[in-house]
Every structure is written in structure tokens, then in C-alpha cells.
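Since we're looking at a predicted model, the values are computed, not measured.
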Amino acid sequence: MPIAMLRFSDQLLQAYALKEAFYDFMAASTRAEAEHRLDFWLGACDQLNLPEFKPCRRMLANWRPYILNAFDIHLSNGFTEGCNNAIKTLKRLAFGFRNFSAFRARILLAVSPHPYI
């Protein structure tokens, strides 16, 4: 976003600053650093009181310990979620598959890390 746009609205500038602070929180390398940055972000949300950020703020406050655990373990279920998303998309598009084995083969092809090998 061009920085010039931020001069037209204080709320837009505040929302941009909150977004950047959230990215800063997610880039933390340790749990202690993430905890400090999350506290800063939650406090900034409370102070700025932008209604668009309230659901996100509530979710982060409610799930705080579990979110911070991700900075200890450094594992993610992103691959599994990506596979599930690919399967659901294929299921919506798979009206032409007449049997399960053809559908299964198409799923395996879609989620394979090397689909042409």
C-alpha cells in the first residue's frame, strides 16, 4: 500500500500500524519475545479501539497459551490443512468421477509433492 494513502485517514493509519505490529509478533523467534509482542499488540488494540480488530483481539486473548506454544514447538499442521483444502476443492469439482478409486487417484495426484513422478 502506498504510504501516501495513510495520510488520508487516521483510522487507516492505525489499522496499518496494528497489522504491522501483528506481523512483528508473528516474526518473534522465542516464546518470551512473542509474549511481549503479543501483549503490546493486545494493548494497542485496546487503546485504538478499532471495531474491525475486536474479534481478532478476542480470539488471540482466548487462545493465547495455545498460540504461544507454537513458538516453543515450531511445528505446524499447515501441510495437513493444505491437503484437506485440496481434497475439499476436488470434491466440489469431482462430479464426473464415477467411482471412489478414480477420485482417490486424483486426490493423491493433487496432494503429491511431486505430481509428475
(request) Would you check, one step at a time, whether the test side-chain contact (heavy atoms from CB on, under 4.5 Å) holds for Arg64 with Glu35? (result) CA-CA 9 Å; Arg64 176 191 176 97; Glu35 208 163 354; 3.1 Å; yes

(request) State which residue, out of Asn62, Leu42, Leu50, fulfils the side-chain contact (heavy atoms from CB on, under 4.5 Å) condition with Arg57. (result)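 Of all the options given, the one that passes is Leu42.
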
(request) Flag the pair Trp41 / Phe22 as yes when their ring centroid distance falls below 6.0 Å, and as no otherwise. (result)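 Yes; Phe22 has its ring centre under 6.0 Å from that of Trp41.
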
(request) For residues Leu90 and Ile107, report the shortest heavy-atom separation together with the two atoms involved. (result)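 Distance-wise, the nearest heavy atoms are CD1-CA, 3.8 Å.
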
Inter-residue atom distance [X].[atom1] - [Y].[atom2], 0.5 Å rounding:
X: Phe53; Y: Arg58; atom1: CZ; atom2: CZ; result: 14.0 Å
X: Ser9; Y: Gln14; atom1: OG; atom2: CD; result: 8.0 Å
X: Arg104; Y: Leu109; atom1: CZ; atom2: CG; result: 12.5 Å
X: Arg106; Y: Ile87; atom1: CZ; atom2: CD1; result: 11.5 Å
X: His36; Y: Arg31; atom1: NE2; atom2: CZ; result: 15.5 Å
X: Cys45; Y: Leu60; atom1: SG; atom2: CG; result: 8.0 Å

(message) Determine whether a donor-acceptor pair (N or O, by modelled atom type, separation under 3.5 Å) exists between the side chain of Asn99 and the backbone of Ala102.
(response) yes

(message) Quick check against the 3.5 Å criterion: does Arg37 have a side-chain atom that pairs as donor or acceptor with the backbone of Asp24?
(response) yes

How about [X]: does its [atom1] atom have over 12 heavy atoms from other parts shown lying under 6.0 Å from it?
X: Glu20; atom1: CD; value: yes
X: Gln11; atom1: CD; value: no
X: Asp72; atom1: CG; value: yes

(request) List the steps and the verdict of side-chain contact (heavy atoms from CB on, under 4.5 Å) for Glu33 and Phe71. (result) CA-CA 9 Å; Glu33 186 181 354; Phe71 292 92; over 6 Å; no

(request) State plainly whether one hydrophobic cluster holds both Tyr66 and Phe25, where clusters connect Ile, Leu, Val, Met, Phe, Trp and Tyr through side-chain heavy atoms under 4.5 angstrom apart. (result)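 Cluster IDs for Tyr66 and Phe25 match.
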
(message) Please say yes or no: joined through hydrophobic side-chain contacts below 4.5 Å, possibly via intermediate residues, are Phe40 and Leu68 part of one cluster?
(response)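 Unlinked, Phe40 and Leu68 end up in two clusters.
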
(request) Could you check Lys19 against Tyr16 for side-chain contact (heavy atoms from CB on, under 4.5 Å), going step by step and ending with a plain yes or no? (result) CA-CA 5 Å; Lys19 187 246 331 167; Tyr16 180 79; 3.7 Å; yes

(message) Under the criterion side-chain contact (heavy atoms from CB on, under 4.5 Å), I'd like the reasoning laid out for Leu13 against Arg7: C-alpha separation, chi angles, the key distance, then a yes or no.
(response) CA-CA 7 Å; Leu13 178 63; Arg7 287 189 235 140; over 6 Å; no

